[in-house]
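These notes are about the structure you will find just below.
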Amino acid sequence: MTDHAVTAPPAGRTLASYIYDPKFRGLFFQALTLAIVLIVGWWIFDNTTENLRRANTASGYGFLSGRAGFDIGQTLIPYTSDSTYGRAILVGFLNTLLVAFLGIITATIIGFIIGIGRLSHNWLIAKLCTVYVEIFRNIPVLLIIFFWYKGVLGALPQVRESLELPFSSYLNNRGLAFPKPIWGDGAILIPIALVIGIVAALAIARWAKARQAATGQQFRTVSTGLALIVGLPVLAFFLAGMPLTFDYPVAGRFNLTGGGNIAPEFVALYLALSFYTASFIAETIRAGIKGVPKGQSEAAGALGLQPSKITRLVVVPQALRIIIPPLTSQYLNLTKNSSLGVAVGFPELVSTGGTTMNQTGQAVEVVSIWLVVYLSISIATSLFMNWFNAKMALVER
Amino acid sequence: MSTQEIGFVRADLLPPRPAPQRSGSAIGWIRANLLATPMDVVLTVLAVALLLWSVPGMLSWLFFEAVWSGENREACLTMAQGGVQPDSWNGACWAFVGDRFQQFMFGRYPIEERWRPILVTVMFIGLLAPILTPRLPYKGWNALALFVVFPILAFFLLHGGTFGLERVETPLWGGLMVTLILSFVGIAVSLPVGILLALGRKSDLPVIRLFCVTFIEVIRGVPLITVLFMANVMLPLFLPTGWTIDNFLRALVGVALFASAYMAEVVRGGLQAIPKGQYEGADSLGLSYWQKIRLIIMPQALKLVIPGIVNTFIGLFKDTSLVSIIGMFDLLGIVRLNFTDTDWITPVTPITGLIFAGFIFWLFCFGMSRYSAFMESHLETGHKR
């Protein structure tokens, strides 16, 4: 060691010594990259401002408070064509969240059933589920959206020949008309009761867990919790004097008036996203359950646990650790794929943003809004994932 | 120990069980696989009922009732709608697909010039088949021909304008041809760019790492359709006034950027699975950074992530259908274009066209996933227990 330590560095470094010095090379290449990126960025910025100036397009987000002037078929918040562009984009964003939320729930349910079905000992069920997965996984989601929109929903009858369904609902090629609930005075009690129910159920679950850890006594957490979550709002509904009336759709000569309406665009997008994503979720579930070593369930059986308890207490908690990360990325994919609503005219974020972009020419601003919204959703999800992974991670020595 | 109380000891013998069912026979197989438990019986009955309810109707719609030949929409309309079919008729209209097959394959590419895309396809298959067959030699030359020589030749053949070939502008391109070109270019660009991005993300140099992470995360965080809109609307803004950029090229740029970011993450997964000793071993042999990556790390890392790479290819192939939203006529776009064609406008045309397009997409994607499974088992060198 000492032999090397005493070798003094040469007084003046030659050029070659710089070229072969990893530290210097690293600095040089980073500086080079930075310079190229800055020059290209400046060039793009310069071209863009020049192009915008020639096209007489004002930059900035002032256009958001201008009058939109276009109608939106399905809105969650009040909106007319006199509303602002900002509100139109907000309506689109809420529609994106709506279809993503409903799609995630449905896709998860179908995906779980299909994924578990593929592992079934029943040959027929396993094969049917495999066929489902192999079909939907290998077809573009856009094609499935069109399939529902053109092929199935487009084949529904005209408005005048609407199919009559139970509960005064009508099905035709403009969507499903159904009695719209109108909440009267005192209806506010119901969501309050729901929140109280959920909080109480969570508190009881905590208490029951602590008690079981301390004394070994078990408590019927699930049924009590369900009773609280369902029972309290129902109780509130009756206490408030049943403040609910319906606005029924009425079949007129040419059109249905009144009631609520679910547009076929929404149904097509929702069904397509659910069926498509379900095939991926099914594979995730299957991989997760197969990823739990067989010794785990055998050991649980040797301890004398019933098959249902083996699944619930031993297999599922370990499978979840494998399933949750890819499942979250599937949820994220579904949310991003909801942007394909633009192809059938469902007014989600990209669709209302696209209309705004066409009307105002504010391409850079609208694209930046899209980027910010979708990136925020992604980042929020990955933060949640990191938290969840840290919580679920195997505690090792 | 000896004083421990024993809770339960069986004193009598259990009754003998019946002999096990023969598992070799068909009845044994049915009992074991379809009717093992009461729950299985219920499920089997439900599944059979579902099949009986759906399959005959589907088969008759797709094949027995379907119209296989015809000149125009009248072949696929009922008499009440002004056609030749009986009024209760409902079936697929394959005559429509047959009539428009050429268009679905080539778009509006001039008919007398269609030997050019066919020649390109033959060249492509001729170069792809040997590279996909593991036994054949000269993989390096083959890859060079496929990924460098072939694209240049294909561009001059398809686009024309030189060597006495008539010029065919990209708006005339369409159909499966465009889908395949977009996917091929996406794959050919995304693999090397994705590897570079993945290396950049794992790099020790903070500036390069920052750029790579930002690019990957931004592209992966947004839907492809916004990337395509961005390429479509903003690329012309980014270039100096007067420069124009072909619509087809814009879509290519969007698809390639998108695929590269996803590929980078797949490759990074492979890089992370390589033990540190491999890097250190390469360093101790005195290999340079690029020698280390090329000779030691990448061969192992890429082999590990073949399923992920092929999944990205499949995703890319399916995602190319999105270019129909920005006004290009890929396979799905050209099928949709024909829905409004007055020659073939019938109630069953859209669904027939969509089923045809879906089948083509399915064929390619399923083929890729089967090939990936084959490669995985072929390259298996015994690392798995």
Side-chain angles (χ1 to χ4, degrees), chain A residues 22 26-27 29-31 33-34 37 43-44 46-48 50-52 54-55 117 120-125 128 134-135 137-144 146-147 150-152 154-155 332 335-340 342-343 350 353-354 357 363-364 366-367 370-371 374-379 382, chain B residues 29 32-34 36-37 39-40 43-44 46-48 50-51 204-208 211 217-218 220-226 229-230 233-234 236-241 243 314 317-322 324-325 332 335-336 339 347-348 350-351 354-355 357-358 361-366 368-369:
Chain A
L27 280 177
F29 280 113
Q30 291 188 71
T33 319
L34 195 63
V37 169
W43 184 70
I44 286 176
D46 188 54
N47 287 333
T48 311
E50 170 72 12
N51 284 327
L52 289 178
R54 278 172 179 264
S120 165
H121 297 295
N122 189 320
W123 182 85
L124 198 57
I125 296 287
L128 275 180
E134 290 296 353
I135 288 180
R137 226 164 42 135
N138 288 320
I139 294 181
V141 61
L142 187 62
L143 201 142
I144 304 175
F146 280 120
F147 182 82
K150 288 274 179 193
V152 179
L332 216 50
T335 310
K336 286 188 279 174
N337 279 338
S338 72
S339 60
L340 296 181
V342 69
V350 173
M357 184 158 80
V364 181
V366 172
V367 169
W370 287 341
L371 290 188
Y374 283 111
L375 282 180
S376 316
I377 296 176
S378 298
I379 290 171
S382 55
Chain B
W29 184 88
N33 289 299
L34 296 179
T37 63
M39 182 70 178
D40 272 332
L43 285 175
T44 305
L46 281 178
V48 169
L50 178 77
L51 287 176
D204 296 330
L205 310 175
V207 174
I208 291 175
F211 283 133
E217 292 303 328
V218 167
R220 272 165 43 91
V222 301
L224 174 58
I225 190 68
T226 58
F229 269 127
M230 220 153 68
V233 183
M234 294 183 45
L237 278 181
F238 288 165
L239 296 173
T241 316
W243 287 25
I314 294 176
F317 187 78
K318 289 188 292 179
D319 280 344
T320 54
S321 62
L322 266 61
S324 66
I325 298 179
L332 183 57
V335 169
R336 280 173 60 205
F339 294 168
V348 291
I351 194 157
L354 286 175
I355 288 175
F361 274 110
W362 183 86
L363 216 57
F364 277 90
C365 296
F366 190 71
M368 278 194 258
S369 77

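A, B, ... follow the sequence lines: proteins, then strands. Residue 1 opens every chain.
- Heavy-atom contacts from other residues, nucleotides or ligands closer than 6.0 Å to NZ of A:K336 number more than 12.
- Considering only heavy-atom pairs separated by less than 4.5 Å from chain A, the leading option among B:V335, B:I351, B:T320, B:I314 is B:I351.
- Contact of the B:L51 side chain with the A:L124 side chain is registered, since non-hydrogen atoms from C-beta on lie closer than 4.5 Å.
- Within the 4.5 angstrom heavy-atom criterion, atoms from both the backbone and the side chain of B:P206 approach chain A.
- Interface remark: of the candidates B:D204, B:L239, B:L43, B:L239 forms the most heavy-atom pairs closer than 4.5 Å to chain A.
- When heavy atoms are compared at a cutoff of 4.5 Å, A:V350 approaches chain B solely by way of its side chain, counted from C-beta outward.
- Shortest non-hydrogen contact noted between A:I139 and B:G358 is CG1-O, 4.0 Å.
- Residue A:V141 does not touch chain B at all, counting heavy-atom pairs closer than 4.5 Å.
- The contact between B:I355 and chain A is made entirely by side chain atoms (from C-beta outward), counting heavy-atom distances below 4.5 Å.
- Between the side chains of A:N122 and B:T44, at least one donor-acceptor pair of N or O atoms lies under 3.5 Å.
- If you look at B:F229 and A:W370, their ring centroids are closer than 6.0 Å.
- For the set B:L50, B:I225, B:D319, B:V348, the entry with the most heavy-atom pairs within less than 4.5 Å of chain A is B:I225.
- The part of B:P350 that comes within reach of chain A is its side chain, from C-beta onward, which places non-hydrogen atoms under 4.5 angstrom from that chain.
- A:L128 touches chain B through its side chain: at least one heavy atom from C-beta onward sits under 4.5 Å away, while N, CA, C and O do not.
- Atoms CG and CE, on B:L363 and B:M368 in that order, are 10.5 Å from each other to the nearest 0.5 Å.
- The heavy-atom pair separating A:L375 from B:G221 by the smallest distance is CD2-CA, 3.8 Å.
- Using a 4.5 Å cut-off between heavy atoms, B:L332 touches chain A through its side chain atoms alone.
- The choice from B:L46, B:L205, B:V233 that makes the most heavy-atom pairs within less than 4.5 Å of chain A is B:L205.
- Looking at residues two or more places apart in sequence or on another chain, you find a side-chain contact (heavy atoms from CB on, under 4.5 Å) between A:L371 and A:V367, B:V222, B:M230.
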Item to check | Intermediate values then yes/no, side-chain contact (heavy atoms from CB on, under 4.5 Å), B:L34 and B:D40 | outcome: CA-CA 6 Å; B:L34 296 179; B:D40 272 332; over 6 Å; no
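- Looking at A:L143, both its backbone and its side chain come within 4.5 Å of chain B, counting heavy atoms on both sides.
- Looking only at side-chain heavy atoms (C-beta outward), B:L354 and B:F339 come within less than 4.5 Å of each other.
- Residue contact with chain A, scored on non-hydrogen atoms closer than 4.5 Å, is absent for B:T37.
- Partners of B:F317 under the ring-ring contact (aromatic ring centres under 6.0 Å, His included) rule, at least two apart in sequence or in another chain, are B:F361, B:F364.
- By number of non-hydrogen pairs under 4.5 angstrom with chain B, the leading residue of A:I377, A:V37, A:L27 is A:V37.
- Interface residue B:V218: backbone and side-chain heavy atoms are both found under 4.5 Å from chain A.
- Between chain B and the residues A:A363, A:S376, A:S382, A:P140, the largest count of heavy-atom pairs under 4.5 Å involves A:P140.
- The two residues B:F238 and A:N47 come nearest to each other via the heavy atoms O-ND2, 2.9 Å.
- Only the backbone of B:R220 comes within less than 4.5 Å of a heavy atom of chain A; no side-chain atom from C-beta onward does.
- The candidate from A:W43, A:F147, A:F146 with the greatest count of non-hydrogen atom pairs under 4.5 Å with chain B is A:F146.
- Proximity to chain A is limited to the side chain of B:I325, based on heavy atoms less than 4.5 angstrom apart.
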